[in-house]
S.K.: 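Attaching a single structure in structure tokens format; questions to follow.
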Amino acid sequence: MGASTTRRSFSVMAARVDRQALRSRGTQRRIVQAALEIIALKGFSAASMDDFCLAAGCSKGGLYHHFRTKTDVLRAVIARLYEADALAPPFRDTQSSLGLTPAGVGRVLIEVFSAAARNGDLQTQLQAAYHRRAGMPTEDSDVNGLALVDLIRVGMLVQALIRGEVRDLSDAVRKLGIERAA
């Protein structure tokens, strides 16, 4: 086999790998989007991997290839919320960036906070995301970071916003003691 044939074979294989990687990322995005919609609709606890699979239009094998557990799906949802700058109000352009209304995003966040209250890894992921959002270092989280109680307070704020109980966002943030998070 000549050098030219080897280069051509390598080029064909690289193109195949690139197409597969693109297809894989597309499947992951569809699953995360489906999870956002399902969680907004029925909550995380009531959602099943089958729900995510059906809504994403992928096989069970495809779903489990990308996400081994429901918690793994939720981790990806948290990452997506962070990318969309939707971990705390105000929720700018969530309709276009996430395909969810502000109320839907609020419901997802409440579910995320609830799951984080029971799962230390999710709590750590959320704290790191809030640190990055606030431009704070992730070290010394006890001093500079957001504690779980802060995350719960943010969840309370989101819930109050959804219900229309908040007229002055700044005042509500002050009353809840979450100036650092807002």
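All values below come from the heavy atoms of this structure, side chains included, with hydrogens, waters and symmetry mates left out. Owing to the predicted nature of the structure, the values given are computational and were not obtained by experimental measurement.
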S.K.: So which heavy atom on V108 is nearest to which on L36, and how close?
M.R.: CG2-O, 3.6 Å

S.K.: Working to the nearest 0.5 angstrom, can you tell me the gap between I31 CD1 and Q33 CD?
M.R.: 12.0 Å

S.K.: What's the verdict on side chain to side chain contact (heavy atoms under 4.5 Å, CB included) for V73 and M49, showing C-alpha distance, side-chain angles and the deciding distance?
M.R.: CA-CA 9 Å; V73 173; M49 291 293 267; 4.1 Å; yes

S.K.: Could you tell me which non-hydrogen atom of R68 sits nearest to which non-hydrogen atom of D72, and how far apart they are?
M.R.: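 The answer is N-OD2, 3.4 Å.
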
S.K.: Indicate the atoms forming the closest heavy-atom contact of A34 with A55, along with that distance.
M.R.: CB-CB, 3.6 Å

S.K.: Could you tell me the separation between the CZ atom of R132 and the CD atom of Q127, rounded to the nearest 0.5 Å?
M.R.: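 One finds 12.0 Å between CZ of R132 and CD of Q127.
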
S.K.: Using a 4.5 Å cut-off on heavy atoms from C-beta on, say whether the side chain of F67 contacts that of R75.
M.R.: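 Not in contact.
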
S.K.: Is it possible for you to say whether V32 and L41 belong to one hydrophobic cluster, with membership spreading through side-chain heavy-atom contacts below 4.5 Å?
M.R.: no

S.K.: Looking at A86 and L98, what are the two nearest heavy atoms and their distance?
M.R.: CB-CD1, 3.8 Å

S.K.: Nearest 0.5 angstrom please: Y64 OH to C53 SG, how far?
M.R.: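 Rounded to the nearest 0.5 Å, the OH-SG separation comes out at 8.5 Å.
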
S.K.: Given R107 and I39, is the side chain to side chain contact (heavy atoms under 4.5 Å, CB included) satisfied, shown in steps?
M.R.: CA-CA 8 Å; R107 172 77 191 271; I39 293 168; 5.7 Å; no

S.K.: With the side chain counted from C-beta on, respond yes when F44 and V77 share a heavy-atom pair under 4.5 Å apart, and no when they do not.
M.R.: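 F44 does not reach V77 side chain to side chain.
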
S.K.: With rounding to the nearest 0.5 Å, note down the distance linking OG in S48 to NZ in K42.
M.R.: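 Going from the OG atom of S48 to the NZ atom of K42 covers 5.5 Å.
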
S.K.: Just by distance, do the side chain of K70 and the backbone of A47 share a donor-acceptor pair under 3.5 Å?
M.R.: yes

S.K.: Is there side-chain contact between D50 and K60, with heavy atoms separated by less than 4.5 Å?
M.R.: yes

S.K.: Would you say L63 and T27 make side-chain contact, with heavy atoms under 4.5 Å?
M.R.: no

S.K.: Can a donor-acceptor pair be found between the side chains of S114 and R118 at a distance below 3.5 Å?
M.R.: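 There is such a pair (donor and acceptor under 3.5 Å, judged by atom type) between the side chains of S114 and R118.
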
S.K.: Does a side-chain heavy-atom distance below 4.5 Å link L109 with L87?
M.R.: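 Yes, at least one pair of side-chain atoms sits under 4.5 Å.
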
S.K.: Indicate if L54 and L74 have the same hydrophobic cluster label, given that clusters are the connected sets of ILVMFWY residues with side-chain heavy-atom separations under 4.5 angstrom.
M.R.: no

S.K.: Show the numbers, then the answer: is there a side chain to side chain contact (heavy atoms under 4.5 Å, CB included) between F113 and L126?
M.R.: CA-CA 9 Å; F113 296 143; L126 272 175; 4.0 Å; yes

S.K.: Would you sort out whether N119 and Q123 count as a side chain to side chain contact (heavy atoms under 4.5 Å, CB included), showing the intermediate values?
M.R.: CA-CA 6 Å; N119 183 310; Q123 189 179 111; over 6 Å; no

S.K.: Look up atom OG in S97 and atom CZ in R80, then write down how far apart they are to the nearest 0.5 Å.
M.R.: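 Output value for this atom pair is 6.0 Å.
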
S.K.: Can you measure from CD (E111) to OG (S45) and round to the nearest 0.5 angstrom?
M.R.: 6.0 Å

S.K.: Please find the pair of heavy atoms, one from G104 and one from A40, that lie closest to each other, and give the distance.
M.R.: O-CB, 3.7 Å

